[in-house]
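Computed over heavy atoms, backbone and side chain alike; hydrogens, waters and symmetry mates excluded.
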Amino acid sequence: MLARKSIIPEEYVLARIAAENLRKPRIRDRLPKARFIAKSGACNLAHKNIREQGRFLQDIFTTLVDLKWRHTLVIFTMSFLCSWLLFAIMWWLVAFAHGDIYAYMEKSGMEKSGLESTVCVTNVRSFTSAFLFSIEVQVTIGFGGRMMTEECPLAITVLILQNIVGLIINAVMLGCIFMKTAQAHRRAETLIFSRHAVIAVRNGKLCFMFRVGDLRKSMIISASVRIQVVKKTTTPEGEVVPIHQLDIPVDNPIESNNIFLVAPLIICHVIDKRSPLYDISATDLVNQDLEVIVILEGVVETTGITTQARTSYIAEEIQWGHRFVSIVTEEEGVYSVDYSKFGNTVKVAAPRCSARELDEKPSILIQTLQKSELSHQNSLRKRNSMRRNNSMRRNNSIRRNNSSLIVPKVQFMTPEGNQNTSES
């Protein structure tokens, strides 16, 4: 707060505020890095300036399936309402052209019973009754109050046409609703990936690893994993390629390259000469503009539909020198999976150099492991010494408490001058 007037000069206060503002570092908020695939698997891509919009109408069924649920339900409702209204107008025109409406208006009471054999549709005397008859025909309700007669061939033709149109609308809209509820990406909601990927040493090689799991008991048949690195590159001719895709192999001992996803698995990619990560070290990884895209494909066991789950890892989401903790244990003859530790990692010894440098100088790995062993031994020694100190302090405190509980001796003086010692 500013000082009160007449206590501190105003010039001194303003100078002090200006000096404090200069000392404060100006930190700009770092913009989030754009990624092609979100963590949820959605493609982070916006299509703009599409001139040929009519191509979407040529594949109308796929367009209806891709729409949002609110739009689909509106189209579902409006298609039936429009068809009922359209054929209600046609039924009213048929009755109007045949003179049925005037006949019902002129005659009343018992005279109307004789009109059933001369009108096209019985009891169609207004547009409301024509609309109700249209609904009864298309959804095959048939309450019995309105029915066709043999007087009008045109009415029979309208009846056949409305039945055909109703069947087509039912087939298209119900098929669209079924396809939206049974879409493959719905099954991908229970296929999960670890939030971070790790780079650590496995079998003497630097490896890029992440964890994938399935929350359902129904399995994914013929599941396979593909990994791609997407980054911005420039060719020797100066052409800028914004989305340069590179496939990287997955270390899988099975020749078919399929995985048995009965429990969470750690997918491993050995960083060798074929890998785009071969020349990247731990310090270079922070400044790299790359994105590792992971694609899991397989067939759903219950429905037989092919599903695909996707995720991606940018440079900030790759932890160097970490390893995933074990989450599968055996309990009473049953393997148990603890999903609360699905993405947990622990720090392990790993060289900070690139895989190329590690291949050229294998001694770096030995030195790293030796340093890790020494640091582990030192930590054990410190821990043991702390335990000894704590135990000694505990023993000393126990001795002090015991000594304070000893009953002191009290001496009493008698009148004869003898001393009597007693304990109290």
Side-chain angles (χ1 to χ4, degrees), residues 32-47 59 61-73 175-198 208-230 243 245-252 254 256-269 290-314 317-318 324 327-328 337-345:
K33 182 183 177 300
R35 57 200 308 163
F36 295 105
I37 301 296
K39 298 299 290 183
S40 60
C43 296
N44 188 20
L45 190 65
H47 298 276
D59 187 10
F61 185 77
T62 305
T63 303
L64 291 174
V65 174
D66 291 339
L67 290 176
K68 295 182 179 180
W69 268 107
R70 56 177 178 268
H71 299 155
T72 303
L73 293 178
C176 178
I177 297 295
F178 173 77
M179 291 301 297
K180 285 187 70 67
T181 55
Q183 280 183 335
H185 66 84
R186 302 295 180 186
R187 179 61 176 88
E189 296 293 334
T190 52
L191 297 173
I192 57 176
F193 299 88
S194 59
R195 185 163 187 82
H196 294 88
V198 298
F208 173 86
M209 293 174 286
F210 61 92
R211 178 174 276 166
V212 60
D214 188 5
L215 299 179
R216 291 187 180 274
K217 291 185 178 181
S218 58
M219 296 181 57
I220 299 295
I221 304 172
S222 302
S224 61
V225 176
R226 293 189 292 114
I227 306 177
Q228 290 183 347
V229 173
V230 178
I243 307 177
Q245 301 181 13
L246 297 172
D247 286 331
I248 58 179
V250 179
D251 185 19
N252 193 351
I254 304 175
S256 62
N257 201 24
N258 293 334
I259 59 175
F260 186 54
L261 198 59
V262 65
L265 298 178
I266 297 176
I267 308 300
C268 176
H269 159 65
L290 59 85
E291 181 179 355
V292 181
I293 298 176
V294 179
I295 303 172
L296 172 63
E297 293 179 337
V299 179
V300 182
E301 184 181 19
T302 53
T303 61
I305 301 175
T306 302
T307 185
Q308 185 183 92
R310 300 178 297 267
T311 191
S312 67
Y313 301 98
I314 57 178
E317 297 171 349
I318 301 175
F324 289 104
I327 61 175
V328 180
V337 180
D338 186 6
Y339 281 98
S340 63
K341 302 177 181 178
F342 183 81
N344 294 359
T345 60

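Residues Met179 and Thr62 form no side-chain contact, since every pair of their non-hydrogen atoms from C-beta on lies 4.5 Å or further apart. In this structure, the side chains of Val292 and Ile227 come closer than 4.5 Å at one or more pairs of heavy atoms. A 4.5 Å side-chain heavy-atom check between Leu296 and Ile259 finds at least one atom pair inside the cut-off. Between Phe324 and Thr345 there is a side-chain heavy-atom pair separated by less than 4.5 Å. A heavy-atom distance below 4.5 Å is found between the side chains of Arg187 and Ile220. Looking at Arg211 and Ile327, their side chains come closer than 4.5 Å, going by heavy atoms from C-beta outward. No side-chain heavy atom of Arg195 sits less than 4.5 Å from a side-chain heavy atom of Phe342. Taking 4.5 Å as the limit, every side-chain heavy atom of Val250 sits out of range of all side-chain heavy atoms of Phe208.
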Might you work through the side-chain contact (heavy atoms from CB on, under 4.5 Å) test for Met209 and Ser194, ending with a clear yes or no?
CA-CA 10 Å; Met209 293 174 286; Ser194 59; over 6 Å; no
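Between Phe210 and Tyr313, the angle of the ring planes lies from 30° to 60°, which puts this pair in the tilted group.
Applying the side chain to side chain donor-acceptor pair (under 3.5 Å) test to every pair with at least one member in residues 300-309, sequence neighbours left out, gives these pairs: Glu297-Gln308, Gln308-Arg310.
When each of Val337, Asp338, Leu265 is tested with Val328 by the rule side-chain contact (heavy atoms from CB on, under 4.5 Å), just one qualifies, namely Val337.
The backbone N or O of Ile37 sits less than 3.5 Å from a side-chain atom of Glu291, completing a donor-acceptor pair.
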